[in-house]
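Just so it is clear, the values below take in all heavy atoms, side chains as well, and ignore hydrogens, waters and symmetry mates. Along the sequence shown, residues carry numbers from 1. Since this is a predicted model, take the numbers as computed values, not measurements.
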Amino acid sequence: KLQFLYFIVLMPSSSSSSSDKVTNEIPLEDASDSGSESFFREPGIPTMDQYVSVPASAVRLLFGRAVPAGVNEIPVRKEVANRILDEARDMKRQRHLSQLTIKSFGQHLRNCRNIICMVGAGISVSAGIPDFRTPGSGLYSQLSKYHLPQPEAMFDLDFFKRKPNPFFKFAEELWPGRYKPTSVHRFMKALEDANKLQRVYTQNIDSLERQVGLSPDLLIEAHGTMNAARCVDCKKEYPSEFVKKHIDDNKIPLCDVCRVGPEDLKIDDPSIGEEPISNLGVIPGLVKPNIVFFHEEIPDVVLSMAEKDFPACDAVIIMGTSMQVSPFCSLQALSNKSCPRLLITKGSPQVAERSGLVTCETFGYRDVEYDGECDEGVSILAKEMGIVID
């Protein structure tokens with residue numbers, strides 16, 4: 001909408017002390033009353049003749065983009081400052097929420113018919129499945145038992161092709177059916193039953209969205225699924241039962257077209273990967289569940305559907321994700337400028353910044369952040385909406 005993004009210079013005001021920096025909590029009314037130039041030329045702000053400084057939250061508001069951590073204000077051309085303030089005032093007049101609270105958001109959901117949920121591993125923690133990045137308890141902190149060179153190697157395609165044993169040991173523990181859906185999963189199903197759910201975009205591979213009964217056409221599995229598999233070489237498709245039977249029999253699943261030799265490879269054989277099985281040093285014909293590894297593209301349907309869904313939705317709920325994996329972390333920016341968005345996360349204020357959400361009262365008008373467990377958050381929403389999930 002604004003065509004002057006090129007005017008903006010992302011650079012922290014390093015020469016000012018922390019006590020001199022402009023806070024993100026300066027009311028818009030103060031800006032309009034005192035004039036934009038005097039408003040932005042607060043004491044302690046280093047400015048050039050052609051620049052004034054604006055709070056970083058205003059830039060996140062207008063452009064829906066994350067701002068580098070530690071940057072509290074941004075130098076902007078003088079002629080742009082008034083346009084930023086005018087646009088911010090216009091946006092605040094579009095506010096659909098009486099307050100920027102989770103209860104007010106829940107009340108807004110009563111009249112919504114096109115709700116999008118964006119979810120990550122945090123929604124399955126209460127089911128007993130660890131998330132990935134939480135220090136100490138996250139999955140990446142618990143992978144030492146697999147003797148990996150680094151935790152991320154579990155989902156590294158090049159490593160998998162040489163030594164697939166750790167992944168199939170992990171897959172046995174995470175296989176669909178071993179865990180039960182949580183309150184968040186039941187909440188999303190309740191939204192579907194009430195004809196309020198437009199789509200669920202999930203980063204998870206635990207299949208709990210399927211297990212709770214969400215309609216497949218309402219589910220976008222951005223990082224793939226364990227419910228189907230294919231050969232990494234010829235791409236021949238296999239049912240998930242093929243992989244599961246091999247894992248149960250302590251065998252690495254191999255493609256009947258691409259495998260080399262009749263011998264089975266045992267999952268618990270530590271020598272696999274130590275000696276090359278082919279001239280390329282990789283194991284030919286590995287059959288891998290259709291989950292997205294590093295160096296693999298996400299399914300085309302993710303972006304194609306997101307470009308249609310988000311502009312048309314009337315609410316976005318983000319739960320249980322650190323919003324660090326692209327392009328998933330930027331999908332919410334596709335929503336229209338008046339669409340309320342809720343972030344449910346515990347103890348991670350950086351998530352809102354990474355998401356481009358503006359949750360402060362000064363510039364915020366549609367974004368809400370709830371600091372708490374995902375199950376707690378959806379319980380509040382369900383109560384305000386008058387629906388039952390437990």
Side-chain angles (χ1 to χ4, degrees), residues 1-6 8 59-67 87 90-91 94-96 105 108-109 111-121 123 184 188-189 191-192 195-205 207 209-210 214-225 227-228 290-345 351-359 364-368:
K1 187 175 181 180
L2 299 176
Q3 300 299 320
F4 51 88
L5 181 59
Y6 57 87
I8 289 187
V59 175
R60 294 207 311 272
L61 169 66
L62 298 184
F63 300 110
R65 302 291 296 274
V67 174
E87 186 78 3
D90 288 343
M91 285 184 170
Q94 300 178 42
R95 183 164 166 170
H96 292 291
F105 195 95
H108 168 74
L109 294 181
N111 299 317
C112 290
R113 288 293 179 269
N114 296 289
I115 301 171
I116 290 179
C117 296
M118 297 174 62
V119 298
I123 72 166
V184 175
M188 294 189 295
K189 176 59 178 172
L191 292 180
E192 178 186 357
N195 295 316
K196 290 177 172 291
L197 184 66
Q198 180 170 354
R199 208 83 62 195
V200 171
Y201 286 75
T202 179
Q203 294 175 293
N204 297 337
I205 58 173
S207 298
E209 295 89 359
R210 291 172 178 254
L214 280 176
S215 299
D217 59 339
L218 296 182
L219 181 61
I220 301 293
E221 294 164 312
H223 294 169
T225 175
N227 286 274
N290 290 348
I291 65 174
V292 179
F293 275 25
F294 298 122
H295 312 308
E296 287 187 305
E297 297 291 333
I298 66 170
D300 292 339
V301 68
V302 178
L303 294 181
S304 63
M305 290 300 298
E307 290 173 353
K308 299 176 183 177
D309 285 344
F310 282 86
C313 73
D314 45 25
V316 177
I317 307 175
I318 306 169
M319 298 178 281
T321 170
S322 61
M323 298 296 276
Q324 295 188 57
V325 180
S326 180
F328 187 91
C329 63
S330 59
L331 297 182
Q332 75 289 340
L334 296 173
S335 61
N336 66 77
K337 295 296 184 182
S338 63
C339 175
R341 303 179 297 187
L342 169 65
L343 171 66
I344 301 178
T345 183
V351 177
E353 296 184 7
R354 283 196 296 266
S355 307
L357 271 61
V358 180
T359 57
Y365 69 101
R366 60 161 174 162
D367 293 334
V368 178

Nearest heavy-atom pair of [X] and [Y]: which atoms, and what distance?
X      : Y      : answer
Val119 : Phe328 : O-CZ, 3.8 Å
Ala222 : Val292 : O-CG2, 4.0 Å
Asp367 : Gly356 : OD2-O, 4.5 Å
Cys112 : Lys196 : O-NZ, 3.1 Å

Can you tell me how far [atom2] of [Y] sits from [atom1] of [X], rounded to the nearest 0.5 angstrom?
X      : Y      : atom1 : atom2 : result
Gln203 : Cys329 : CD    : SG    : 8.5 Å
Ile318 : Leu342 : CD1   : CG    : 8.0 Å
Asn204 : Thr225 : CG    : OG1   : 11.0 Å

### Which residues share a side-chain contact (heavy atoms from CB on, under 4.5 Å) with Asn111, sequence neighbours left out
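Once residues adjacent in sequence are excluded, Asn111 has no partner under the side-chain contact (heavy atoms from CB on, under 4.5 Å) criterion.
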Quick one: does [X]'s side chain get under 4.5 Å of [Y]'s, heavy atoms only?
X      : Y      : result
Leu197 : Leu214 : yes
Arg366 : Ser335 : yes
Glu209 : Ile123 : yes
Cys117 : Leu191 : yes
Asp314 : Ile115 : yes

Does [X] use its side chain to pair, donor to acceptor, with the backbone of [Y] at less than 3.5 Å?
X      : Y      : answer
Arg354 : Gln324 : no
Asn290 : Gly224 : no
Ser215 : Asp217 : no
Gln332 : Val316 : no

### Message
Just to verify, which of Ile344, Thr345, Leu357 counts as forming a side chain to side chain contact (heavy atoms under 4.5 Å, CB included) with Val351?
### Response
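Filter result, single survivor: Thr345.
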Sequence neighbours left out, cut at 3.5 Å: what donor-acceptor pairs do the side chains of residues 298-313 make with other protein atoms?
residue : atom : partner : partner atom : Å
Ser304  : OG   : Asp300  : O            : 3.2
Ser304  : OG   : Val301  : O            : 3.2
Asp309  : OD1  : Gln198  : NE2          : 3.3
Asp309  : OD1  : Arg199  : NH2          : 2.9
Asp309  : OD2  : Arg199  : NE           : 2.8
Asp309  : OD2  : Tyr201  : OH           : 2.7

